[in-house]
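Structure first, commentary second.
Every number for a ligand or one of its atoms is a count from 1 in the order of the listing.
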Amino acid sequence: MTFEKTPGWLDWYAGPSRPRFQLPAGAVDAHCHVFGPGAEFPYAPERKYTPCDAGKAQLFALRDHLGFARNVIVQATCHGADNRAMVDACAASGGRARGVATVRRAVSDAELHALHAAGVRGVRFNFVKRLVDFTPRDELMEIAARIAPLGWHVVIYFEAVDLPELWDFFAALPTTVVVDHMGRPDVGLGADSPQFELFVQFMREHANVWSKVSCPERLSVTGPPALDGERHAYRDVIPFARRIVETFPDRVLWGTDWPHPNLKNHMPDDGLLVDFIPHIAVTTELQCKLLVANPMRLYWPEEV
Ligand code: 0GY
């Protein structure tokens, strides 16, 4: 089966630069995806976009090029609740990838156990309206209750304007909860705006809530560097991510978000994204927590 990718969709950045920042040994790229390839792992009929193919071989090549040791592969909405591409990538990683799945209410206990054996350690609940249809909260809560005994966590993806309405639901989740991309703040408002204060308050009041300080390329208003050779990109996102890293150093994760779904204006150089890290985690200790200790605790606890 062949798939026509969504018009305007940018392919991932071929030939990323080598980062200047040297990642600590054992660093984990804790948010990335695999897409297809569609001929082998067809995209879901209910998807809101059709991506370019971006398979496990390319992901692992990027991992090695950037200097990461491991990946956490997050199920993307274009694959719906068909986790085969993600599971196949985990299986092929030789223990160096773990996964976050999407499941529906109908999932059986046997399927959950098979996902666990394949390396899945969490489920993702997506509330971004352009990406998914609405799922009733009682269905999600039922899923959360079923995955909790496996020691899994819930990854939540939402936009900052929706946090007030979702707050009580998130607060009731019985697991560790990991927020994608700092809850997608409106960076134009500033890191001390009421909107971002609410997110900080949410993390402060709920000790089980973690955040990925990822996706500056998605959140930035100023965008990538204008000048060739300038590696200090996406500066307007730094105060947001740095604040979260310094306030909650033991509850933060970082990921490339490769192959960067739905970016239409520019496609980031993943080497540049890695060079963003020392601007948001400014000491060796913070970098080791962000990139090694925290993701290992969550995804490979048996090795900690
Ligand atoms: C991300 C962001 C996006 C897409 C998805 O599952 C997805 O389709 O997560 C987005 O469009 O903002 O984290 O990959």
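Given atom 13 (O) of ligand 1, the protein heavy atom at minimum distance is His181 NE2, 2.7 Å. Looking only at protein heavy atoms, the nearest one to atom 12 (O) of ligand 1 is Tyr157 OH, 2.6 Å.
Taking the centre and axis of the six-membered ring of Phe68, the NZ or CZ atom of Arg63 falls outside the cone set by 45° and 6.0 Å.
With Asn126, Asp257, Leu131, Asp180 as candidates, the residue nearest to atom 1 (C) of ligand 1 on a non-hydrogen basis is Asp257.
Counting heavy atoms under 4.0 Å from ligand 1, residue Asn262 touches it through the side chain alone. The part of Arg130 lying near ligand 1 is the side chain, judged by heavy-atom distances below 4.0 Å.
Between Phe127 and Phe170, the ring planes lie perpendicular to each other; the angle is over 60°, past the 30° to 60° tilted range.
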**Request:** For the pair Thr176 and Leu298, evaluate side chain to side chain contact (heavy atoms under 4.5 Å, CB included) and give the outcome as yes or no after the intermediate values.
**Result:** CA-CA 9 Å; Thr176 293; Leu298 201 56; 4.0 Å; yes
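Using a 4.0 Å cut-off between a side-chain N of Lys or Arg and a carboxylate O of Asp or Glu, Arg104 and Glu46 qualify as a salt bridge. Between Asp162 and Arg184, none of the side-chain N atoms (NZ, or NE/NH1/NH2) sits under 4.0 Å from a carboxylate O, so this pair counts as no salt bridge.
In the vicinity of Tyr49, heavy-atom distances shorter than 4.0 Å reach the ligand 1 atoms 7 (C), 8 (O). Below 4.0 Å from some heavy atom of Arg184 lie the following atoms of ligand 1, by number and element: 12 (O).
Backbone and side-chain nitrogen or oxygen atoms of His33 are examined, and one is located within less than 3.5 angstrom of a nitrogen or oxygen of ligand 1.
Note: the hydrophobic cluster containing Trp9 does not contain Leu263 (ILVMFWY, side chain heavy atoms under 4.5 Å, direct or indirect links).
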